[in-house]
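Report on one structure; see the data block that follows.
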Amino acid sequence: MSDSNPSPKPDFIREIIANDLASGKHATTITRFPPEPNGYLHIGHAKAICLSFGIARENAATGARCHLRFDDTNPEKEETEYVESIKEDVKWLGFDWGEHLYFASDYFQFFYDCAVHLIQQGLAYVDDDSVEEMRAKRGNVNTPGTRSKWAERGVEENLDLFARMKAGEFKDGERVLRAKIDMASPNMNMRDPVLYRIMHAHHHNTGDAWCIYPMYDFAHPLEDAYEHITHSLCTLEFEDHRPLYDWFIGNCPVPSRPRQIEFSRLNLNYTVMSKRKLLQLVQEGKVSGWDDPRLPTLSGMRRRGYPPEALRSFVVGTGITKFKGITDIAVLEHEVRDFLNREAPRRMAVLDPVRVILENWSAEPLSHAVISNHPQNPDMGEREVPIGGEVYIERDDFMEDPPKKFFRLGPDRCVRLRGGHIIRCTGYEKDADGKISLVRAEILPGTVGKDAPEGVVCKAAIHWVDAATAVDAEVRLYDRLFKVEDPDDAEGGFVSVLNPDSLKTVTAKVEPTLADAAPGFSCQFERIGYFVADARHHQPGEKPVFNRTVPLKDSWAKRAS
RNA sequence: AGCCUCAUAGUGUAAUGGUAACACCACGGAUUCUGAUUCCGUUAUUCUAGGUUCGAAUCCUAGUGAGGCUACCA
């Protein structure tokens, strides 16, 4: 059910929002998508994007909006390159943040002021303990922690020390600012969490202006409040952080009171979604880059030819819940096929060519065949495909000794060349290896555009390419990157279960209309699959490169196997 | 072990105290100048045990199972 404007069924989050609007708690809804610029966006992010931006779009009548905010509070992991790619990917997915592009790093002074406020309230203190000491005193899930002795410091001393942390008087790791909450809390996040750490690092946005940086738990609720976010939607792993989120909202001088709501992240089988692992695949050269068509990154899927409409339909279709399930990749592929089947023009290409000589071609020669660009959609018009007395057909479409239910070519059998004649096989040749090297056939005059004459059994139409005008193309056949359903659980690491056949490259014969296909041009190679002209490698005048988006379903192959 | 969260066909999601449904997958069949598409059909579902109620997937209690939490990451 691909739709350029999918309207999702109400889920529990949309229900909360509808109630807040109905009760007058909020006049409108302001959401946000807050990626950390430390990697490329992937299909999992698409879920968060479609949710938060989708809610803004659905409530546009009330003035709703969705902010794009870069959560760049850790200078060690973040890069400008990622900022640009994220903006591009969000746009490509079909969403627009308008004027509302923000950086958490623009709020550093605000965070600092809030921290000072907490110190003044006696709710935060500078701790001199080392990482190890802090870890030891934190306790564990079964035993309460013990408070650092530094928590006894007075407000003035804390204020002074914190100012000196900011001024750069201390080295990395020497001190931190902590909230004073509850070292015995069963929720580990409440055991005096760190608010600020010292990092003498260059920040992509603020340069060297700061040497103390706020932690996520502290910064995020403040960012949301600062932007007057009404509903802050995040994934399930932040559930335990919500009490802390609310604590900061309640104890800091903030201009609004956002509400955090958690939902389940997207999980796909045969797929890794963790940024760390994606980065590893890129860095170790297991894939060609962040936009490798085998990757679940948005840029990879774009290059693979997955239309944004299909991604949106998929993500909306999987729904929003708190249940942590694993979605079958087949659902995504279905959405891709569903969209492409309607939108992609048809073309012909032969991936594994066998030459066919039409021995009586002169009996009724054609200069070209007229073929519909989309049989179910005549509006897409027709094209003329050159043809002559010698064509290539797919190796699979000829069988020396065909089984009963095989409908295509074999000795003395008939088949139709799509848009052209019905032909009858009159002979074939094999090379030294026993491989079919040539097929001989005759055309049946008078069969172009006509049903098979009496007495002729012709149960299939196959694709072909004219030998004289065929264009060589590099065709990349992508398959799933992993051999196992759950690479995350693979023993010996997920890299050990990479599928060695995830990329096969063949030189194919394609119809001449494909010679100068524009980068990103999507079409269906009839009877084979959906393909897209590669955006990165195809230059005009060079051999065109096509990436396989997704194969067509093939019930014959399934039956045979 | 403590706290938090979740549990509906194989998979994902609906049903908000009143006939358990939709999509994907799988398997059949019809149509087809793509063994695609389209169309029709088949199989199969409320974790367990109690309780409340005329009536429970839904509310309550207990149990079971799964996931998350013990970074100066986000």
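Lettering follows sequence order; numbering is per chain, from 1. Just so we're clear, the structure is a prediction, and the values are computed from it rather than from any experiment.
- Salt bridge A:E227/A:R32: absent, no basic N to carboxylate O contact under 4.0 Å.
- In this structure, A:F323 forms no aromatic stack with the base of B:A7, since the conditions of centre separation below 5.5 Å and plane angle below 30° are not both met.
- The 12-atom threshold is exceeded at CG of A:D172, counting heavy atoms of other residues, nucleotides or ligands nearer than 6.0 Å.
- You won't find any donor-acceptor pair under 3.5 Å spanning the side chain of A:D554 and the base of B:G35, going by distance alone.
- Checked against a 6.0 Å centroid threshold, the rings of A:Y216 and A:H220 count as neighbours.
- Residue A:L266 contributes atom CG, which lies 10 Å from atom P of B:U13 at whole-angstrom precision.
- Note on ring orientation: taking the six-membered ring where Trp is involved, the planes of A:Y213 and A:H203 are parallel (angle under 30°, cut-offs 30° and 60°).
- Of the P atoms belonging to B:C60 and B:C6, the separation is 12 Å, rounded to the nearest Å.
- Within the structure, a side-chain polar atom (N or O) of A:S555 is placed less than 4.0 Å from OP1 or OP2 of B:A36.
- Here B:A74 is the nucleotide among B:U70, B:C24, B:A74 with the atom lying nearest to any side-chain atom of A:F238.
- Going from the C1' atom of B:A15 to that of B:A57 covers 8 Å, rounded to whole Å.
- Contact annotation for A:G325: backbone-only contact, meaning every heavy-atom pair under 4.0 Å involves sugar-phosphate atoms and none involves a base.
- For an aromatic pair to be called close, the ring centres must be under 6.0 Å apart, and A:Y306 with A:F314 fails this.
- Across the P atoms, B:A7 and B:C59 are found 10 Å apart, a figure rounded to whole Å.
- In terms of phosphate contacts, A:H463 brings no side-chain nitrogen or oxygen within less than 4.0 Å of OP1 or OP2 of B:U34.
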Map every base of RNA chain B to its dot-bracket character, where paired means a Watson-Crick or G-U wobble contact with both distances under 3.5 Å and | marks a partner outside the strand.
.((((((..((((....[..)))).(((((.......)))))....(((((..]....))))))))))).....
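- For A:R197, counting side-chain heavy atoms from C-beta on, the closest listed nucleotide (B:C25, B:G67, B:C73) is B:C73.
- Within 4.0 Å (heavy atoms only), A:D328 reaches sugar-phosphate atoms of the nucleic acid but no base atom.
- Taking only side-chain atoms of A:N142, from C-beta outward, the nucleotide of B:A1, B:C69, B:C72 with the closest atom is B:A1.
- Taking atom CG of A:N267 as the reference point, atom P of B:A66 lies 17 Å away to the nearest angstrom.
- If you check every strand for non-hydrogen atoms under 4.0 Å, A:M215 touches sugar and phosphate atoms only.
- In this structure, A:N140 reaches the bases: a heavy-atom distance under 4.0 Å links it to at least one base atom across the strands shown.
- Under the 4.0 Å criterion applied to side-chain N and carboxylate O atoms, A:D128 and A:K149 are not assigned as salt-bridge partners.
- The base of B:U34 sits within donor-acceptor range of the side chain of A:R346, with an N or O pair under 3.5 Å.
- Within 4.0 Å of A:Q376, counting heavy atoms only, lies at least one base atom of the nucleic acid.
- The distance between atom CZ of A:F525 and atom P of B:U34, rounded to the nearest whole Å, is 19 Å.
- Considering only side-chain atoms of A:D338, the nucleotide from B:U38, B:A74, B:U70 that sits closest is B:U38.
- A:Q524 comes within contact range of at least one nucleobase, with a heavy-atom separation under 4.0 Å.
- In this structure, A:S185 contributes its side chain and A:M188 its backbone to no donor-acceptor pair below 3.5 Å.
- For the OP1/OP2 pair of B:U13 and a distance below 4.0 Å, the side-chain nitrogens and oxygens of A:T318 include no atom meeting the criterion.
- Side-chain N/O atoms of A:R135 include one lying less than 4.0 angstrom from OP1 or OP2 on B:A71.
- Within 4.0 Å of A:D129, counting heavy atoms only, lies at least one base atom of the nucleic acid.
- Here A:H241 lies in heavy-atom contact (under 4.0 Å) with a base.
- Aromatic ring orientation, A:H45 versus A:H42: tilted (interplanar angle from 30° to 60°).
- Distances shown here put a side-chain N or O of A:R527 below 4.0 Å from the OP1 or OP2 atom of B:G35.
- A:K553 has a side-chain polar atom (N or O) that falls below the 4.0 Å cut-off from OP1 or OP2 of B:C25.
- For A:R559 and B:G28, the shortest distance from a side-chain N or O to OP1 or OP2 is not below 4.0 Å.
- Contacts of A:S264 with the nucleic acid, taken as non-hydrogen atoms under 4.0 Å apart, are absent.
- Here A:R138 lies in heavy-atom contact (under 4.0 Å) with sugar-phosphate atoms only.
- Separation of the C1' atoms belonging to B:C47 and B:A9 is 14 Å when rounded to the nearest angstrom.
- Among the heavy atoms of the strands lying under 4.0 Å from A:P375 is at least one base atom, whether or not backbone atoms are also near.
- By the 6.0 Å contact criterion, CZ on A:R265 is open, its count of non-hydrogen atoms from other residues, nucleotides or ligands being 12 or less.
- Note on A:V194: only backbone sugar-phosphate atoms sit closer than 4.0 angstrom, heavy atoms only; bases stay farther off.
- At a threshold of 4.0 angstrom between heavy atoms, the contacts of A:P193 with the nucleic acid are absent.
- For A:P186 and A:P10, each mapped to the nucleotide of RNA chain B holding its nearest heavy atom, the one lying further toward the 5' end belongs to A:P186.
- For A:T73 and B:A74, the shortest distance from a side-chain N or O to OP1 or OP2 is below 4.0 Å.
- Using bins of under 30°, 30° to 60° and over 60° for the plane-to-plane angle, the ring pair A:Y226/A:F110 lands in the tilted bin.
- A:R276 has no side-chain polar atom (N or O) that falls below the 4.0 Å cut-off from OP1 or OP2 of B:A74.
- Taking the C1' atoms as reference points, B:U8 lies 16 Å from B:A66, given to the whole Å.
- In this structure, A:L417 reaches neither bases nor backbone, as no heavy-atom distance under 4.0 Å exists between it and the strands shown.
- Distance check on atom C1': B:G12 versus B:U70 gives 33 Å, rounded to whole Å.
- One finds no side-chain N or O of A:K322 lying less than 4.0 angstrom from the OP1 or OP2 phosphate oxygen of B:C4.
- With P as the reference atom, B:G65 and B:A1 are 10 Å apart, rounded to whole Å.
- At distances below 3.5 Å, at least one donor-acceptor pair connects side-chain atoms of A:T318 with backbone N or O atoms of A:V315.
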